[in-house]
Amino acid sequence: MSEAVLGIIGGSGIYDLPGLTDIREERIASPWGEPSDALRIGRIGATRIVFLPRHGRGHALSPSDINYRANIDVLKRAGVTDLVSLSACGSYKAELYPGLFVLVDQFVDRTTRRESSFFGKGCVAHVSVAHPVGPKLQERIAAAAQAEELPFVRGGTLVTMEGPQFSTYAESTSYRGLGYDLIGMTAMPEAKLAREAEITYATVAMVTDYDCWHELHGAVDVASVVAVLHENADKARRLVARLAADFPAEREPCPAGSHNALDHALITAPAFRDPALLAKLDAVAGRVLGRG
Ligand SMILES: CSC[C@H]1O[C@H](OP(=O)(O)O)[C@H](O)[C@@H]1O
Ligand SMILES: Nc1ncnc2[nH]cnc12
């Protein structure tokens, strides 16, 4: 296996990662368009870290305007093997309270206007996302949270809506009735694209609100989300610092198959593949296409 490189995507309220050493900013060009921002590349201890603020610094990008393909592509080009998403989420369970970190393991995709695959006409591929979160990576995050004495639970289903508006009451109670635990606007297609790029992925869902179903809480608004996020930001940084400090030097094989997700995924016969698309896939699929 290769050197492990830990990627961190900062969500709402997390636009920087203090504590990085040997830091440099790098704008990596992507054939998939503009990523959200320059990468901040550095180290925590011996672990190489690559940080990207999902909405860009200053939060100029709405969830629908984020170029998820370009973000994953540049992280892959920077060598990221394991990717942790920090994400603000609404809760559908009374016991999942604002301030709690939920290490989710499932996603439901309710997005409607995002490019959700690197593959398509001229190079068709079907990867499995049955288990979209890397169990070993999640285990390491849980160990870091425990060591830092942060409040967290393991397991949960996060539904991703298109936004940017929050849910109606009918949507909120429907999702809750379906047994979903949390709602956000960015985990999909990010998790699917990470899998296509053979990057191990895990989400730390930071609960910020009860959306609008809870009779004792008003409807969510940005001010209340941001207030919780301010309280959470330091906890998130401690979590990342501990995770990085204890991270292995070599990439670990992923029990969910993220390290070799493309081994049997490509179905377009070589003679029918589009050279232009193959060129764009140099980083994401270079391992199986013999490029990159
Ligand atoms: C500021 S509230 C809604 C906003 O926050 C979450 O962002 P992220 O997942 O990047 O932390 C949510 O998905 C929405 O984009
Ligand atoms: N209630 C909510 N719905 C969607 N995304 C969110 N991000 C934070 N809270 C949210």
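Both ligands and their constituent atoms are indexed starting at 1 by order of listing. Note that the numbering runs from 1 along the sequence shown for the chain.
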Those residues at least two apart in sequence (or on a different chain) that pass side chain to side chain donor-acceptor pair (under 3.5 Å) with Tyr210 are none
Next on the checklist: Does atom NE2 (His59) have a neighbourhood of more than 12 heavy atoms from anything else shown, all under 6.0 Å?
Outcome noted: yes
Value for CZ (Arg287) from CG (Asp282), rounded to nearest 0.5 Å, stands at 15.0 Å
Residue set satisfying side chain to side chain contact (heavy atoms under 4.5 Å, CB included) with Val108, at least two apart, ordered chain then number -> Arg110, Thr157, Val159, Tyr180
Do Arg251 and Glu3 meet the salt-bridge criterion of a basic N to acidic O distance under 4.0 Å? no
inquiry  = Would you call the rings of Trp32 and Phe118 parallel, tilted or perpendicular, taking 30° and 60° as the class edges?
reply    = perpendicular
Nitrogen or oxygen contacts under 3.5 Å, ligand 1 side and protein side:
from	atom 1	to	atom 2	distance (Å)
ligand 1	5 (O)	Ser12	OG	2.8
ligand 1	7 (O)	Ser12	OG	2.9
ligand 1	7 (O)	His55	NE2	3.4
ligand 1	9 (O)	Ser87	OG	2.6
ligand 1	9 (O)	Thr186	OG1	2.6
ligand 1	10 (O)	Ser12	N	3.4
ligand 1	10 (O)	Arg54	NH1	2.9
ligand 1	10 (O)	His55	NE2	2.6
ligand 1	11 (O)	Ser12	N	2.9
ligand 1	11 (O)	Ala88	N	2.8
ligand 1	13 (O)	Met185	N	2.8

Exercise for the section: Indicate yes or no: at least one non-hydrogen side-chain atom of Val50 is less than 4.5 angstrom from one of Leu6. Expected result: no
Q. Under 4.5 Å between any side-chain heavy atoms of Arg114 and Glu190, yes or no?
A. no
When clusters are formed by joining ILVMFWY residues with side-chain heavy atoms under 4.5 Å apart, either directly or through shared neighbours, do Ile199 and Leu289 land in the same one? yes
Counting only non-hydrogen atoms and a 4.0 Å cut-off, the residues near ligand 2 are Ala88, Cys89, Gly90, Met161, Phe166, Ile183, Gly184, Met185, Thr208, Asp209, Asp211, Val220
